[in-house]
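Scroll down for the structure; my scribbles are underneath it.
Values below: all heavy atoms of this structure, side chains included; hydrogens, waters and symmetry mates excluded. In what follows, chains carry the letters A, B, and so on, assigned in the order in which the sequence lines appear, proteins first and then strands, with residues in each chain numbered from 1.
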Protein chains: 2
Amino acid sequence: MRIQDIIARKRDGGTLSPEEIRYFVAAYTAGDLPDYQASALLMAIYLRGMDMGETAALTAAMADSGQRLDLSSLPGPTLDKHSTGGVGDKASLVVVPILAAAGIPVCKMSGRGLGHTGGTLDKLESIPGFRVGLSPAEMMAQVARVGACLAGQTEDVAPADKKLYALRDATATVGSLPLIVGSILSKKLAGGADAFVFDVKVGSGALVASEAAARELARALVRGAASHGKQAVALLTDMDEPLGDTIGNALEVREAIATLTPGTAGVSSRFRDLCLTLAAEGLALAGRATAASGDAHALAQKLLEEGKAREVFRAIVEAQNGDTRVVDNPDRLPRAPLIVPVEAQAAGYVARIDAAALGGVVVALGGGRARKEDAIDYGVGIVLHRHVGDAVENGTVLAEMHVAASAQAQALRSQVASAFSITERAVSRPPLIIGRETAKL
Amino acid sequence: MRIQDIIARKRDGGTLSPEEIRYFVAAYTAGDLPDYQASALLMAIYLRGMDMGETAALTAAMADSGQRLDLSSLPGPTLDKHSTGGVGDKASLVVVPILAAAGIPVCKMSGRGLGHTGGTLDKLESIPGFRVGLSPAEMMAQVARVGACLAGQTEDVAPADKKLYALRDATATVGSLPLIVGSILSKKLAGGADAFVFDVKVGSGALVASEAAARELARALVRGAASHGKQAVALLTDMDEPLGDTIGNALEVREAIATLTPGTAGVSSRFRDLCLTLAAEGLALAGRATAASGDAHALAQKLLEEGKAREVFRAIVEAQNGDTRVVDNPDRLPRAPLIVPVEAQAAGYVARIDAAALGGVVVALGGGRARKEDAIDYGVGIVLHRHVGDAVENGTVLAEMHVAASAQAQALRSQVASAFSITERAVSRPPLIIGRETAKL
């Protein structure tokens with residue numbers, strides 16, 4: 001098999017065989033194929049596409065490039081949840097405990113922050129002592145004992161994806177549907193669960209901005225999952241504004257804990273609704289209730305309102321060496337020394353909140369990494385006081401910046417202010433759930 | 001300037017600015033840009049194309065990646081000739097002496113054999129002592145003294161092309177029109193001549209097989225030349241069968257000397273016609289005669305028939321340390337010890353001679369390089385006794401193989417025989433000159 005022939009076939013719009021795709025992924029992962037041939041093929045795939053069969057073969061080859069977790073010793077069906085990434089998206093911290101509280105084993109592996117979007121691992125590490133680096137054996141033991149884990153991807157989960165993603169990032173080939181599907185789905189397959197709930201974000205702060213592209217991605221994910229014998233549902237959810245009221249690691253953990261804690265006042269209903277909807281899909285996939293009748297949603301709500309999900313969250317924190325006192329007293333989480341309000345400069349209605357811009361501000365405040373080796377300041381971030389559709393007066397506090405030093409705040413304040421578009425005309429808030437895709441097995 | 005943005009623009013079908021193209025070529029040549037980013041851009045160019053302005057900018061940037069020869073001290077206009085490469089193509093050995101005999105300075109730089117096509121340098125080196133490695137100063141001095149040189153490209157001619165060509169070869173991006181034009185034209189621009197005659201080969205043994213693709217290439221070359229202020233003519237000429245009667249280094253030099261020597265019997269009229277036509281175009285470009293009236297062709301013929309071109313050829317050989325005795329006695333050239341005839345297996349007409357296959361046989365005989373470091377056996381090759389359109393009987397000698405050992409000949413004999421397609425129906429030979437392209441300055 002000559003890689004030049006494989007590149008040429010895709011270049012000319014042809015279909016690659018499963019053997020050719022396997023050869024490419026295996027040789028590249030093993031270091032037997034130079035980056036320059038891989039990147040030429042990636043660009044040809046970007047421009048020529050891949051059909052469902054090719055995408056499935058790519059996904060399988062990437063999943064098989066490392067170890068696949070074997071969850072068969074757990075009482076199935078096991079579940080996994082994946083978000084394509086957004087600003088302020090801390091849903092895993094609430095959804096995973098709800099599912100586990102229903103007795104569904106969830107072995108959840110997450111990633112670090114990437115660009116303007118935060119990472120679940122960074123958020124969890126804002127809990128003093130919390131350990132994300134679990135071995136596969138530790139994950140299995142914990143899931144068996146407390147129902148779930150929230151861990152980092154092991155080095156051996158789809159190593160092909162790590163190498164290919166770095167190359168795609170350097171060669172402007174990130175935004176290719178089959179490559180995105182291969183990347184997401186190979187890691188889920190390697191994670192070993194029986195069924196997946198995908199949260200495909202739509203909007204300016206998301207991986208894909210347009211609803212059409214997001215729907216295409218959602219379909220490709222559930223169909224791809226089905227082609228590997230996995231149940232899956234994908235929800236299209238709004239990411240034109242940040243999710244919930246907080247952006248920043250410890251601030252987001254606080255919001256998650258508040259959502260998990262029954263009777264807490266001032267919780268973002270939009271974030272809570274998303275968590276319940278995603279959890280309901282998971283409960284339905286696992287056969288615990290039906291989605292259409294509303295039973296699943298009611299069950300998710302019950303698990304949340306009775307504090308069952310909160311107890312699982314506490315058990316996860318404890319099992320992973322975290323300081324469980326933060327669950328009862330979130331003030332123990334890292335806090336920024338200064339809070340700087342950002343006020344509206346005009347009266348009107350919030351028409352838009354630029355999620356990507358606010359995500360960028362939080363990275364600039366030290367809450368994310370510009371480079372891999374940067375340290376994170378867990379306490380910094382932004383708390384949103386107004387959302388799309390809200391009426392504001394001149395001087396209304398739109399948001400608070402939680403910062404380490406006032407000089408920093410002054411430099412970035414105007415960016416926060418201009419992320420809010422204020423219009424004279426009333427604006428209705430766009431729906432949270434934009435669409436739903438599922439595929440028959 | 002970020003290379004990812006440049007790649008993304010071309011990926012999306014946009015137009016690159018001259019600054020972006022210059023940045024890419026300069027950074028890649030300097031080693032500041034990794035191969036994997038360059039190859040992603042090459043694939044995007046392959047699939048999205050480049051307009052004339054982009055191609056001109058690419059050509060200029062590649063020409064400027066090294067030294068451009070300054071021919072301004074020579075009495076202009078100076079001329080250069082380029083063939084896109086074919087099997088049995090030794091036309092430079094005849095055309096350059098004709099032009100120089102008319103007083104037109106020709107500083108010709110050539111390359112080595114590539115794949116199944118031979119290289120002018122390898123052919124020249126079959127002349128004992130012939131030195132192709134001239135410095136720019138030596139070239140200039142020789143052209144001023146004897147009218148022409150036939151030298152190797154210096155290391156410093158368009159170094160970007162050497163690096164990019166190797167990368168294209170490894171990434172299935174060779175066959176892209178703007179990349180081909182950039183490669184050819186950058187070297188011609190660096191060669192410093194005022195006007196160019198291009199011989200664009202068409203057919204199974206050529207860089208481009210179809211007439212449409214060859215015409216597109218011819219147009220792009222003359223228009224590209226014009227955009228750099230250079231006069232140019234491109235002829236489309238047949239390469240569905242090998243050019244002339246010989247394939248192989250010393251055999252081709254013999255054929256060139258025979259063509260240059262007035263009164264030699266048995267010279268291939270088709271090869272001679274091509275040389276005269278190309279030379280006539282050059283004479284016309286240099287203002288020595290007009291092409292349309294036939295004056296140029298007559299002048300070329302006169303320079304050949306009076307032995308003037310032969311005298312220049314002898315002077316070139318002498319100036320470049322070659323053994324001039326081969327001009328009067330070509331038997332002094334390297335000769336293979338064995339000559340093995342290949343006969344027709346059926347009566348009929350020669351419908352096709354697979355030039356690429358015969359070129360491959362000559363490489364296999366040792367007459368070309370499978371790898372860069374291989375030594376060349378100058379004496380081996382193939383002499384064609386029949387051409388397309390010729391009638392043959394069963395047993396007619398189609399060709400002779402000149403080989404080093406008989407075992408070798410036996411292994412390859414059937415390949416030579418099957419390169420000749422014999423049909424029952426009479427076949428008319430396709431025209432030699434298929435088209436002509438020129439561009440107004």
Side-chain angles (χ1 to χ4, degrees), chain A residues 1-14 16 20 23-24 27-29 31-50 114-115 160 162-180 207-210 213 370-371, chain B residues 1-16 20 23-24 27-29 31-50 114-115 160 162-180 207-210 213 370:
Chain A
M1 221 172 273
R2 282 181 73 241
I3 182 68
Q4 283 99 321
D5 298 333
I6 296 174
I7 299 170
R9 190 184 339 281
K10 183 44 69 185
R11 177 198 72 195
D12 296 340
L16 304 183
E20 288 172 325
Y23 165 77
F24 160 63
Y28 184 59
T29 310
D32 295 336
L33 201 74
D35 286 333
Y36 55 82
Q37 291 182 319
S39 66
L41 181 56
L42 291 175
M43 182 57 80
I45 291 171
Y46 186 104
L47 288 170
R48 293 297 200 172
M50 275 184 150
L114 193 70
K162 286 185 192 71
K163 252 192 114 168
L164 284 170
Y165 191 86
L167 188 61
R168 286 162 61 202
D169 193 42
T171 56
T173 49
V174 166
S176 153
L177 186 68
L179 297 179
I180 292 172
L207 178 67
V208 281
S210 79
R371 277 159 306 185
Chain B
M1 220 171 274
R2 283 181 72 240
I3 182 68
Q4 283 99 323
D5 298 334
I6 297 174
I7 299 170
R9 193 187 331 287
K10 182 46 69 186
R11 178 198 73 195
D12 296 341
T15 304
L16 303 182
E20 288 172 327
Y23 164 78
F24 160 63
Y28 184 60
T29 310
D32 295 337
L33 202 72
D35 287 332
Y36 55 83
Q37 291 181 320
S39 65
L41 181 56
L42 291 175
M43 182 57 81
I45 292 171
Y46 187 104
L47 287 170
R48 292 299 200 171
M50 274 185 149
L114 193 69
K162 286 185 192 71
K163 250 192 116 169
L164 284 171
Y165 191 85
L167 189 61
R168 286 163 61 205
D169 193 40
T171 57
T173 50
V174 166
S176 153
L177 186 69
L179 297 178
I180 292 171
L207 179 65
V208 280
S210 79

Leu167(B) portion near chain A, given a 4.5 angstrom heavy-atom threshold: side chain
Over all atoms of both residues, closest heavy-atom pair of Leu47(B) and Ala44(A): CD1-CA, 4.1 Å
For Ile7(B) against Ala170(A), the heavy-atom pair lying closest together: CD1-O, 4.3 Å
Note, Leu179(A) side chain near Leu164(A) side chain (heavy atom, < 4.5 Å): no
Inter-chain polar pairs, chain A versus chain B: which donor-acceptor atoms lie under 3.5 Å apart?
| from | atom 1 | to | atom 2 | distance (Å) |
| --- | --- | --- | --- | --- |
| Arg11(A) | NE | Tyr46(B) | OH | 3.1 |
| Arg11(A) | NH1 | Ala172(B) | O | 2.7 |
| Arg11(A) | NH2 | Tyr46(B) | OH | 3.4 |
| Tyr36(A) | O | Ser39(B) | OG | 2.6 |
| Gln37(A) | NE2 | Ala170(B) | O | 2.7 |
| Ser39(A) | OG | Tyr36(B) | O | 2.6 |
| Ser39(A) | OG | Ser39(B) | OG | 2.6 |
| Tyr46(A) | OH | Arg11(B) | NE | 3.1 |
| Tyr46(A) | OH | Arg11(B) | NH2 | 3.4 |
| Ala170(A) | O | Gln37(B) | NE2 | 2.7 |
| Ala172(A) | O | Arg11(B) | NH1 | 2.7 |

Closest contact, heavy atoms only, Ile6(B) versus Leu16(B): O-CD2, 3.6 Å
